[in-house]
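Throughout, a chain's letter reflects where its sequence line sits, starting with A, and its residues are numbered from 1.
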Protein chains: 2
Amino acid sequence: MEKKADDILKERQLSITDSRKKILSLFLHGTGALSHNDIEKKVGERFDRVTIYRTLQIFLEKGIVHSIPTADNSIQYALCRNECGSGHHHDNHVHFVCKHCGNTVCLEDVTVPAVKLPKGFSSSQVEMIVSGICKDCR
Amino acid sequence: MEKKADDILKERQLSITDSRKKILSLFLHGTGALSHNDIEKKVGERFDRVTIYRTLQIFLEKGIVHSIPTADNSIQYALCRNECGSGHHHDNHVHFVCKHCGNTVCLEDVTVPAVKLPKGFSSSQVEMIVSGICKDCR
DNA sequence: CAAATTTTTGCAACATTGTTGCGTTTCCCT
DNA sequence: AGGGAAACGCAACAATGTTGCAAAAATTTG
Ligand SMILES: [Mn+2]
Ligand SMILES: [Mn+2]
Ligand SMILES: [Zn+2]
Ligand SMILES: [Zn+2]
């Protein structure tokens with residue numbers, strides 16, 4: 001798994017640094033999405049807050065993770081599994097936020113349904129966030 | 001219109017105060033959604049930031065406005081036009097964020113399409129946020 | 001209408017979250 | 001291993017959000 005993180009970083013032409021490896025590993029090993037705060041707590045060594053911000057920023061840009069806006073105003077980040085590249089995200093799946101455990105997960109198999117907009121509106125991106133009780137909490 | 005705000009406040013059993021009237025009027029007169037920051041700027045008199053936070057909070061609880069999570073982590077608030085009550089929101093319409101003018105609007109006539117979740121997941125709320133170019137910007 | 005009671009406001013103080021500049025360290029390439 | 005580029009940590013700051021409390025305003029009561 002250590003190997004995997006290195007590969008992904010190399011693939012995206014990012015220098016391989018300790019913080020990037022550790023943070024990326026969190027995403028590779030865990031299941032759900034992580035907020036900045038989650039990462040700060042879960043990462044073993046303590047990297048500077050600024051480093052975590054910058055790491056998430058560049059992971060976003062390079063198409064390694066995508067961000068999920070949630071109702072409580074905490075941005076969640078999750079691994080991109082599809083063909084996302086620099087500035088080109090294609091994560092058109094539904095996100096689920098559990099009101100019980102608080103976890104946010106990507107429902108990779110559930111694609112966002114099409115929606116017909118009024119005349120004059122054109123869409124470039126659609127987000128669908130479902131909240132309720134997840135399968136582990138019922 | 002001054003009248004209207006008073007009526008809504010009375011209806012929801014809220015004391016009628018200057019700040020509540022002014023802030024509610026912003027929603028009644030304007031077209032789109034407003035963030036905390038928008039309100040701070042647009043409201044003529046300067047109410048304390050805390051008052052605005054508390055006003056939005058109670059408007060949310062009483063079903064006067066609903067909140068819209070957006071990608072840039074700025075919560076937007078918009079008037080409820082349906083039958084929303086204390087703790088019971090029924091604003092199941094799509095929201096549109098224009099990448100050009102930055103405005104967020106409720107597409108009242110576009111209902112959020114149904115989505116089939118994997119086994120074990122149960123949903124209590126679905127948010128759909130579409131971003132692109134609005135009809136005024138094209 | 002005026003006094004009593006309840007609610008809301010503004011202020012201060014604080015916590016959390018996010019941003020920027022810069023010197024030092026680490027990484028990459030030859 | 002050495003030179004140049006990139007990333008890190010630190011400090012300082014800005015923006016956003018929360019809480020307690022006394023003063024002010026609104027509502028209720030007499
Ligand atoms: Mn996802
Ligand atoms: Mn709406
Ligand atoms: Zn759960
Ligand atoms: Zn627009």
Side-chain angles (χ1 to χ4, degrees), chain A residues 2-3 5-26 33-62 64-65 67-77 86 102 104, chain B residues 2-3 5-26 33-62 64-65 67-77 86 102 104:
Chain A
E2 268 300 313
K3 189 69 185 314
D6 286 29
D7 289 348
I8 293 174
L9 292 172
K10 210 169 295 172
E11 216 173 273
R12 305 294 158 121
Q13 312 190 40
L14 291 175
S15 336
I16 297 173
T17 69
D18 205 38
S19 51
R20 285 174 182 171
K21 278 194 288 187
K22 291 279 164 46
I23 293 173
L24 184 46
S25 293
L26 281 185
L34 299 170
S35 67
H36 172 101
N37 198 6
D38 293 335
I39 293 170
E40 222 172 328
K41 286 185 206 138
K42 286 198 180 182
V43 117
E45 305 158 60
R46 278 185 216 65
F47 300 107
D48 196 87
R49 263 175 349 105
V50 179
T51 300
I52 299 177
Y53 280 117
R54 293 199 266 229
T55 302
L56 287 171
Q57 182 68 37
I58 206 158
F59 280 8
L60 260 186
E61 285 168 10
K62 294 288 186 171
I64 297 176
V65 302
S67 70
I68 309 160
T70 60
D72 67 329
N73 208 12
S74 75
I75 305 180
Q76 301 279 335
Y77 299 87
S86 292
T104 300
Chain B
E2 269 300 314
K3 188 70 187 313
D6 286 29
D7 290 347
I8 294 175
L9 292 172
K10 209 169 296 173
E11 216 174 272
R12 305 294 158 119
Q13 313 189 43
L14 291 174
S15 332
I16 298 173
T17 69
D18 206 37
S19 51
R20 286 173 183 171
K21 277 194 288 188
K22 291 279 164 47
I23 292 172
L24 184 45
S25 293
L26 281 185
L34 300 170
S35 67
H36 172 100
N37 198 5
D38 293 335
I39 293 170
E40 221 173 328
K41 286 185 205 137
K42 286 199 179 181
V43 116
E45 305 158 60
R46 279 186 215 65
F47 301 108
D48 196 89
R49 259 171 355 101
V50 179
T51 301
I52 299 177
Y53 280 117
R54 293 199 266 228
T55 302
L56 288 171
Q57 183 68 37
I58 206 158
F59 280 7
L60 260 187
E61 285 166 10
K62 294 287 186 173
I64 297 176
V65 302
S67 70
I68 307 160
T70 60
D72 67 328
N73 209 13
S74 75
I75 304 181
Q76 302 279 335
Y77 299 86
S86 293
T104 300

When you check the phosphate oxygens OP1 and OP2 of [N], does a side-chain N or O of [X] lie under 4.0 Å from one of them?
X: B:T51; N: C:dG10; result: yes
X: A:T17; N: C:dC27; result: no
X: B:S19; N: C:dT9; result: yes
X: B:N37; N: D:dA15; result: no
X: B:N73; N: C:dG18; result: yes
X: A:S15; N: D:dA7; result: yes

Grab the [atom1]-[atom2] distance between [X] and [N] for me, whole Å please.
X: A:E40; N: C:dT17; atom1: CD; atom2: P; answer: 8 Å
X: B:D48; N: D:dG17; atom1: CG; atom2: P; answer: 14 Å
X: A:I52; N: D:dC10; atom1: CD1; atom2: C1'; answer: 15 Å
X: B:R46; N: C:dT9; atom1: CZ; atom2: P; answer: 18 Å
X: A:I75; N: C:dT19; atom1: CD1; atom2: C1'; answer: 14 Å
X: A:K21; N: C:dC27; atom1: NZ; atom2: C1'; answer: 11 Å
X: B:L56; N: D:dT16; atom1: CG; atom2: C1'; answer: 13 Å
X: B:Y53; N: C:dA15; atom1: OH; atom2: P; answer: 17 Å

Nearest 0.5 angstrom please: [X] [atom1] to [Y] [atom2], how far?
X: A:T17; Y: A:L9; atom1: OG1; atom2: CG; result: 7.5 Å
X: B:L60; Y: B:I75; atom1: CG; atom2: CD1; result: 8.5 Å
X: A:I23; Y: A:L56; atom1: CD1; atom2: CG; result: 6.0 Å

Any donor-acceptor N or O pair under 3.5 Å, side chains A:S35, A:N37: no
hbond_proxy A:R54 side chain to D:dG9 base (donor-acceptor, 3.5 Å cutoff): yes
A:D18/A:K22 ion pair, N-O < 4.0 Å: yes
Sugar-phosphate only, base, or nothing, as touched by B:R49 at under 4.0 Å among non-hydrogen atoms: base
Contact nearer the 5' end of DNA chain D, comparing A:F47 with B:I16: A:F47
